[in-house]
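Here's the structure we're looking at; comments come further down.
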2 protein chains.
Amino acid sequence: MITNKNCIIRLSRYKNALYRLQDLGFVKVFSDNLADAVGGTASQVRKDFSIFGISGNKKGGYQIDSLLEKLNSILGKDQLQKVIVIGAGHIGSALMRYRGFEKEGIKIVAGFDIDPAKINRSNPVPVYPLEEARAFIKTNQIRIAILAVPDIAAQQAVDLICAAGIKGVLNFAPLGLKTPEGSIVNNVNLEIELENLIYFVNVAEKTR
Amino acid sequence: MITNKNCIIRLSRYKNALYRLQDLGFVKVFSDNLADAVGGTASQVRKDFSIFGISGNKKGGYQIDSLLEKLNSILGKDQLQKVIVIGAGHIGSALMRYRGFEKEGIKIVAGFDIDPAKINRSNPVPVYPLEEARAFIKTNQIRIAILAVPDIAAQQAVDLICAAGIKGVLNFAPLGLKTPEGSIVNNVNLEIELENLIYFVNVAEKTR
DNA sequence: TTGTTATTGTGAAAAATAGAACAATATGAT
DNA sequence: ATCATATTGTTCTATTTTTCACAATAACAA
Ligand SMILES: NC(=O)c1ccc[n+]([C@@H]2O[C@H](COP(=O)([O-])OP(=O)(O)OC[C@H]3O[C@@H](n4cnc5c(N)ncnc54)[C@H](O)[C@@H]3O)[C@@H](O)[C@H]2O)c1
Ligand SMILES: NC(=O)c1ccc[n+]([C@@H]2O[C@H](COP(=O)([O-])OP(=O)(O)OC[C@H]3O[C@@H](n4cnc5c(N)ncnc54)[C@H](O)[C@@H]3O)[C@@H](O)[C@H]2O)c1
């Protein structure tokens, strides 16, 4: 069931909102509650669900627990996702120390760096020399990597890890990467995010 | 000239690609070169430009330097953009140490934190107590803030800074924020980015 | 029961976005 | 000069995404 990226991002948002509602003690939810929670429309919520064959109850709405099960299954959250980090610098080590991924079933299992000073095999998230990345990826069947190396090293690093079996890369370097057929990249380009924000703030200021 | 977010992001990409081309010695560029450089179509490049009244030369293409001037002006890059960071923890301090924003005309001028241990007025990017944020925002007319506080503190922090005059927030906390009319939020939700990547990697794996 | 109501699920309409096509035209060749 | 060519700018077309609208129906009330 291939769909557009925004739709899948909405599924993640619904899922997160549902956990919050569940924490508040709710057991069922209506499309318009979810729409409010994520800032969308009720029709879109229902349409998104219908695309994935998720159905609720006429009148009664949706049962939160079973809805969460379905969303989690669609989003691949029924198994722990092991992720590695390439580049244990500022961003890389912030990510490795971050506990927030775990509650999402995402575990950073290792970091890799070329700088010997960054190597530390006994960290909670161990950091290994880059040369070991290939073997690690293969033996642990890692498919997802976070790329946090300097811009200039990014393409080379992505070539290396994709050749070793990485299928999805979350790239922090502010440049486009070429990947072999079958691997995909999501870019986190903070420069562009800020630029974008600045643009819309300026527009809002002018048109007011 | 309000347009869709993707279009503005493309402008940023064109701009970045143009700098690279300029570094390589090019002085002019055709719509299809740019399309290749950012992974789009030539029509779209020309359409994007035409929306903003940017014109080139029949035959001759676009002059890179004047094109860059126009894009930079649209993107608000003709003046240094001062930004503050709220929360000098892992992410916040990685950002404050990052030199990459400067070449984009974006300067992080201060950080703010509630933890006294994080305060340091003599850092390259000084970190002040949160109580000083309001006055700082007002006297320095800061409009853009990066929010890197724990999830639980995020809404409160955004309320505070928006009341003080912040118009645009780049939010790292993985939850939706309410902002007053006139302020906007761009979310950097790494959990969702990873989840999304995992989804598409899974889909690719299944359909292969 | 029967009727009323709330809410889903979906097909059709609308809006937004992207792409193709091509006339207009500047450039360079002959 | 004239012609051929390359490339823009824009209109028209196609696709994608969102929203609307409403029949279907489950829940509840009387
Ligand atoms: N730090 C930020 O706030 C920030 C913000 C936006 C974008 N970025 C981008 O994120 C990336 C990382 O930034 P950073 O600030 O963490 O940089 P950093 O210099 O702190 O860390 C980079 C790390 O990568 C290691 N490294 C270098 N080449 C490598 C290779 N080939 N393989 C493995 N490791 C290698 C270095 O030894 C270093 O430890 C950069 O592309 C940067 O542009 C960072
Ligand atoms: N670190 C990561 O890799 C990462 C990844 C994804 C998302 N995030 C999100 O980014 C945010 C920050 O994460 P972090 O890892 O940097 O956290 P952190 O705990 O390292 O840092 C948070 C900082 O904010 C300060 N703070 C707390 N309340 C504050 C307030 N009201 N005003 C100002 N400062 C306040 C704390 O003193 C601390 O210094 C969180 O929402 C987290 O979920 C972080």
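Every chain is numbered from 1, with letters handed out A, B, ... down the list of sequences.
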Inset, instruction - Check the angle between the aromatic planes of F49(B) and Y62(B) and answer parallel, tilted or perpendicular using the 30° and 60° thresholds. - result: perpendicular
Inset, instruction - Would you check if the distance from the ring center of Y98(A) to the ring center of F101(A) is below 6.0 Å? - result: yes
Inset, instruction - Taking the side chain as every heavy atom from C-beta outward, state whether L75(A) and S12(A) have any pair of such atoms under 4.5 Å apart. - result: yes
Legend entry - Distance, rounded to the nearest Å, where I8(B) contributes CD1 and dA18(C) contributes P: 12 Å
Inset, instruction - Please evaluate the base of dT19(D) for a donor-acceptor partner in the side chain of K47(A) within a cut-off of under 3.5 Å? - result: yes
Legend entry - Salt bridge present between R13(B) and E195(A) (N-O < 4.0 angstrom): no
Inset, instruction - Return the nearest nucleotide to the side chain of S43(B); candidates are dT17(C), dG9(D), dG19(C). - result: dG19(C)
Inset, instruction - Tell me whether the OP1 or OP2 atom of dG9(C) has a side-chain N or O from S50(A) closer than 4.0 Å. - result: no
Inset, instruction - Using a strict 4.0 Å threshold on nitrogen-to-oxygen distance, state whether K15(A) and E104(A) make a salt bridge. - result: yes
Inset, instruction - Respond yes when some side-chain nitrogen or oxygen of N4(B) is under 4.0 Å from OP1 or OP2 of dA16(C), and no when none is. - result: no
Inset, instruction - Classify the nucleic acid contact of N6(A) as base, sugar-phosphate or nothing, counting any heavy atom under 4.0 Å across all strands shown. - result: nothing
Inset, instruction - Answer with base, sugar-phosphate or nothing: what part of the nucleic acid does Y62(B) contact at a heavy-atom distance below 4.0 Å? - result: sugar-phosphate
Inset, instruction - Find the distance Q44(B):CD to dT15(D):P and express it as a whole number of Å. - result: 16 Å
Legend entry - Whole-Å distance separating the CD atom of Q63(A) from the P atom of dT7(C): 15 Å
Inset, instruction - Using a 4.5 Å cut-off on heavy atoms from C-beta on, say whether the side chain of L170(B) contacts that of L194(A). - result: yes
Dump the pairs, protein N or O against N or O of nucleotides 26-30 of chain C, anything under 3.5 Å, distances to one decimal.
{"unit_1": "dT27(C)", "atom_1": "O2", "unit_2": "K59(B)", "atom_2": "NZ", "d": "2.9"}

Legend entry - Residue whose nearest DNA chain D nucleotide is more 5′ - V29(B) or T41(A): V29(B)
Legend entry - Distance, rounded to the nearest Å, where K70(B) contributes NZ and dT8(D) contributes P: 13 Å
Legend entry - For atom CZ of F52(B) and atom P of dT10(D), their distance in whole Å: 15 Å
Inset, instruction - Would you indicate what D32(B) reaches in the nucleic acid, counting non-hydrogen atoms under 4.0 angstrom: base, sugar-phosphate, or nothing? - result: nothing
Inset, instruction - Round to the nearest Å and state the distance from K5(B) atom NZ to dA16(C) atom C1'. - result: 17 Å
Inset, instruction - Report yes if a side-chain nitrogen or oxygen of R46(B) is closer than 4.0 Å to either non-bridging phosphate oxygen (OP1 or OP2) of dG19(C); otherwise report no. - result: no
Inset, instruction - Would you mind reading off the distance between I9(B) atom CD1 and dA18(C) atom C1', rounded to a whole angstrom? - result: 16 Å
Inset, instruction - With salt bridge (charged side-chain N to carboxylate O under 4.0 Å, His left out) as the test, would you mind laying out the steps for E69(B) and K77(B) before giving the verdict? - result: CA-CA 9 Å; E69(B) 256 172 49; K77(B) 306 200 79 63; over 6 Å; no
Inset, instruction - In whole angstrom, give the distance that lies between atom CG of D48(A) and atom P of dT16(D). - result: 17 Å
